[in-house]
Number of protein chains: 4
Amino acid sequence: MSRKPNSEQRRAQIVQALLDTMAEHGYEKATIVLIARRADLTPGLLHYHFHSKADILLALVKALAAAAQQRYLALAQNTLDADQRLKAYIDARLGLGEGADPGAVAAWVVIGAEAVRQPEVRAAYQHAVDTEMALLRELLSASLAAQGKITANAHALAAALLAMMEGTFQLASAAPASMPMGYAAPMAAQLVRRFIDAEPPA
Amino acid sequence: MSRKPNSEQRRAQIVQALLDTMAEHGYEKATIVLIARRADLTPGLLHYHFHSKADILLALVKALAAAAQQRYLALAQNTLDADQRLKAYIDARLGLGEGADPGAVAAWVVIGAEAVRQPEVRAAYQHAVDTEMALLRELLSASLAAQGKITANAHALAAALLAMMEGTFQLASAAPASMPMGYAAPMAAQLVRRFIDAEPPA
Amino acid sequence: MSRKPNSEQRRAQIVQALLDTMAEHGYEKATIVLIARRADLTPGLLHYHFHSKADILLALVKALAAAAQQRYLALAQNTLDADQRLKAYIDARLGLGEGADPGAVAAWVVIGAEAVRQPEVRAAYQHAVDTEMALLRELLSASLAAQGKITANAHALAAALLAMMEGTFQLASAAPASMPMGYAAPMAAQLVRRFIDAEPPA
Amino acid sequence: MSRKPNSEQRRAQIVQALLDTMAEHGYEKATIVLIARRADLTPGLLHYHFHSKADILLALVKALAAAAQQRYLALAQNTLDADQRLKAYIDARLGLGEGADPGAVAAWVVIGAEAVRQPEVRAAYQHAVDTEMALLRELLSASLAAQGKITANAHALAAALLAMMEGTFQLASAAPASMPMGYAAPMAAQLVRRFIDAEPPA
DNA sequence: TATGAATGAGATTTCATTCAT
DNA sequence: GATGAATGAAATCTCATTCAT
């Protein structure tokens with residue numbers, strides 16, 4: 001409201017700088033000075049725009065969650081059939097599109113670990129997970145229903161798929177050399193497909 | 001005359017204290033003082049037995065990897081058939097047995113994030129991942145072969161399954177409230193089972 | 001709007017405080033807290049202006065070397081004849097003028113010992129020695145030439161004179177009670193004088 | 001007296017280890033563990049044979065001073081004439097013989113710096129300097145007298161020569177690359193020779 | 001808004017010395 | 001004599017946060 005015009009831009013700039021710095025150094029070693037340097041700002045200014053370093057992290061978690069939500073909305077707009085939407089979703093998350101921003105992926109992994117100990121981060125992380133779970137469940141239920149299958153296992157299947165996604169991020173960030181390239185999206189799609197095919201009819 | 005060395009037990013004690021402390025506070029906030037207090041030792045003694053805090057972490061990574069390897073060996077001894085061995089493996093990793101040590105799981109998640117930025121941790125983490133991948137691939141290949149299926153996709157399937165496991169640990173540690181309980185092991189088993197069933201014959 | 005930088009004066013202040021503290025306690029016992037106290041600053045601030053304690057030492061070495069260089073320039077400006085310049089130089093270094101800052105002399109002695117083990121200090125120390133050697137050689141060559149003597153031994157003579165100077169500093173700092181007072185400058189001048197007189201003509 | 005047979009040998013072993021370690025790391029960084037390792041002993045044993053680390057240093061200073069004294073006695077035994085004895089002394093101190101143990105030279109330089117701040121070391125250092133001064137003065141007086149010269153300046157000349165020696169050690173240890181090789185002994189001898197030659201007759 | 005110096009709490013690490021065995 | 005673990009004090013360094021300008 002009373003913020004000067006460039007405030008929002010500054011905040012975004014700082015949040016992005018935290019993302020970049022965290023992907024490289026982790027959260028604790030992403031010092032205010034390093035973040036400021038990356039953002040091409042001065043340390044003092046970061047505390048003008050954010051109350052604390054933890055606040056920047058929180059803003060980042062929310063920004064990443066919002067970006068995911070955004071991708072969902074873009075996806076939901078298309079009036080594709082259920083199977084195509086599910087396929088598109090998996091590709092968006094695990095395909096080359098996601099791999100195109102390894103920094104965000106690494107930052108997300110670091111955030112996941114911070115969620116283990118920081119209650120506020122955990123809350124934001126859980127909220128993002130809940131949102132994603134709801135979306136996934138919806139996509140899977142629709143796909144199951146379209147095949148005339150029971151939807152009772154949609155929840156558990158969504159959880160397994162989400163875990164696979166999070167684990168893929170983890171492994172891509174921490175052990176890229178050990179994983180076969182490009183395996184994730186097609187294999188996930190096929191696992192889901194065959195699971196659905198084998199489900200009993202409704 | 002001379003004093004009896006007790007380094008090995010002290011080191012184990014310290015490593016265990018790091019595990020406990022890390023599970024609760026993360027790596028950076030697991031200070032030497034906290035670790036020492038948990039181990040009921042003085043801070044100086046930690047640096048007598050380990051060169052640095054990073055060294056304790058490295059020892060922990062190796063200990064956890066060795067423990068996993070140990071579970072594999074125990075498993076391999078049993079002369080179960082391929083399917084039973086695969087099922088037992090998944091249960092051991094994702095079932096209640098694994099859940100019985102949530103501390104180790106949380107520590108592993110934190111280690112995964114540290115691997116993003118610490119080269120030496122990354123190397124040890126990757127080694128553990130490689131070992132696990134090799135084991136998983138062997139189990140899956142055997143199961144596929146036993147069904148008379150092609151084994152070409154064993155590698156990608158192993159990667160997907162490993163990702164699902166790592167992601168399950170992550171979600172169990174950081175967003176336990178959001179996940180359906182006990183979903184992981186049976187759902188993973190079923191996904192793999194149906195995938196294998198749908199593979200073409202060799 | 002923005003704050004005016006004062007780093008240069010702070011750095012000089014800190015370097016001077018290290019000099020004072022080192023002259024009294026040596027390098028290792030010149031702790032950050034002691035230096036800060038002497039400079040009337042907080043310990044943290046020292047690390048804001050210098051990366052490490054070793055960096056302060058390096059700055060001190062360079063400052064002392066620069067001060068010596070400065071004295072040379074002031075000396076060179078005077079258009080005295082060769083003999084007078086040489087005499088003035090020896091007096092400036094070994095006479096009461098130099099003795100007027102026993103702190104700097106003691107600090108220089110301590111630096112010489114640190115140069116034995118710290119490569120970066122050694123490099124800076126060597127550079128100072130090289131500069132001094134070049135100057136001395138020039139002064140001696142001019143004096144020899146003015147007398148019509150060969151200048152082949154100017155280098156070795158310069159080395160001997162420099163050694164005498166360094167040793168005088170050492171003895172003045174570590175064993176002042178054992179040395180005859182005020183012997184250094186006149187005796188050095190006379191030794192050089194008689195050496196030159198006895199050199200063969202060019 | 002009541003010490004066990006190997007005590008003296010152990011002490012010598014430890015003192016030598018301090019010398020070696022100090023030459024490389026300086027006094028403060030020559031830790032008990034490093035010294036013990038160099039002596040192939042255990043840390044605890046060092047404090048059995050010496051009350052404190054400072055005590056080992058003191059023993060080292062005395063050992064080095066005694067070794068110099070020893071060289072004097074060996075020298076004095078020879079019934080050379082005054083000039084030859086002086087020449088032999090300078091060679092023994094500054095010639096290749098001395099350069100053959102650069103470790104002892106470096107240790108002596110470090111001791112000189114420690115003498116700036118440690119009273120007990122200073123006392124021992126001064127005693128060594130006094131002894132050396134007395135010897136030098138005697139040699140110079142004898143040489144002057146043998147030439148029929150006045151001996152009034154023997155003290156100041158001895159001081160200058162001692163300073164040159166100490167400075168040579170300093171420069172050889174801290175700036176070896178900057179000094180002409182082998183300059184020290186012949187140049188010192190020549191400086192003294194020409195000084196004496198130019199002295200007035202008694 | 002913006003700067004950058006300044007603070008102070010706290011972290012890791014070092015190490016002489018002690019001491020039970 | 002000998003060992004090596006243990007202690008505790010102290011050192012360097014880090015860094016989020018504050019604040020005068």
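Summarising the base pairing, F:dT18 is matched to E:dA5 through a Watson-Crick or G-U wobble pair whose two defining distances lie under 3.5 Å. In this structure, E:dA11 forms a base pair with F:dT12, meeting either the Watson-Crick or the G-U wobble geometry with both donor-acceptor distances under 3.5 Å.
Summary of the strand contacts: B:I35 and D:Y27 both lie near DNA chain E, and taking for each the nucleotide with the nearest heavy atom, the more 5' one is attributed to B:I35. Between C:I32 and B:P43, the residue anchored closer to the 5' end of DNA chain F is B:P43, taking for each the nucleotide with the nearest heavy atom. Heavy-atom distances to DNA chain E give each of A:D40 and D:E28 a nearest nucleotide, and the one nearer the 5′ end belongs to A:D40. Judged by closest nucleotide on DNA chain F, B:P5 is the one of B:P5 and A:A30 placed further toward the 5' end.
Between the NZ atom of B:K4 and the P atom of F:dT3 there is a distance of 17 Å, given to the nearest Å. Note: NE2 (D:H51) to C1' (E:dT18) measures 12 Å, nearest angstrom. Rounded to an integer number of Å, the gap from D:H25 NE2 to E:dT14 C1' is 14 Å. E:dT12 atom C1' lies 15 Å from atom CZ of B:R37, rounded to whole Å. Between the C1' atom of E:dA16 and the NZ atom of D:K29 lies a distance of 14 Å, rounded to the nearest Å. The separation between A:D55 atom CG and F:dT18 atom C1' is 16 Å, rounded to whole Å. Here the P atom of nucleotide E:dA5 and the CD atom of C:Q13 are 13 Å apart, to the nearest Å. When rounded to the nearest whole Å, the span between NE2 of A:H49 and P of E:dT3 equals 9 Å.
Taking CG of B:L46 as the reference point, atom CG of B:L41 lies at 6.5 Å (rounded to 0.5 Å).
Regarding contacts with the backbone of F:dA2, every side-chain N or O of B:S2 stays at 4.0 angstrom or more from both OP1 and OP2. Note on B:H47: every side-chain N or O is 4.0 Å or more away from OP1 and OP2 of E:dT14. For the pair C:N6 and F:dT21, the criterion of a side-chain N or O lying under 4.0 Å from OP1 or OP2 is not met. Remark: C:S7 is not in phosphate contact with E:dG4, judged by side-chain N or O atoms under 4.0 Å from OP1 or OP2. Between C:R10 and the phosphate of E:dG4, there is no side-chain N or O to OP1/OP2 separation shorter than 4.0 Å. Contact annotation: B:Y48 side-chain N/O to F:dA6 OP1/OP2 distance is not under 4.0 Å. For the OP1/OP2 pair of E:dT7 and a distance below 4.0 Å, the side-chain nitrogens and oxygens of C:T42 include at least one atom meeting the criterion.
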Check: Does the side chain to side chain contact (heavy atoms under 4.5 Å, CB included) test come out yes or no for B:L34 and B:H25, once each step is laid out?
Finding: CA-CA 10 Å; B:L34 280 181; B:H25 298 96; 4.2 Å; yes
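Judged by distance alone, the side chain of B:R117 and the main-chain N or O of A:A23 form no donor-acceptor pair under 3.5 Å. Side-chain atoms of B:R38 do not come within 3.5 Å of backbone N or O of B:L18 as any donor-acceptor pair.
Between E:dA2, E:dA11, E:dT17, one nucleotide has an atom nearer to the side chain of A:L45 than all others, and that is E:dA2. Closest approach to the C:R3 side chain among F:dA5, E:dT17, E:dA6 is made by E:dA6 (side chain taken as heavy atoms from C-beta onward).
Side-chain polar atoms of C:Y125 and C:Q118 form no donor-acceptor pair below 3.5 angstrom.
Using a 4.0 Å cut-off between charged nitrogen and carboxylate oxygen, C:K29 and D:E114 do not count as a salt-bridge pair.
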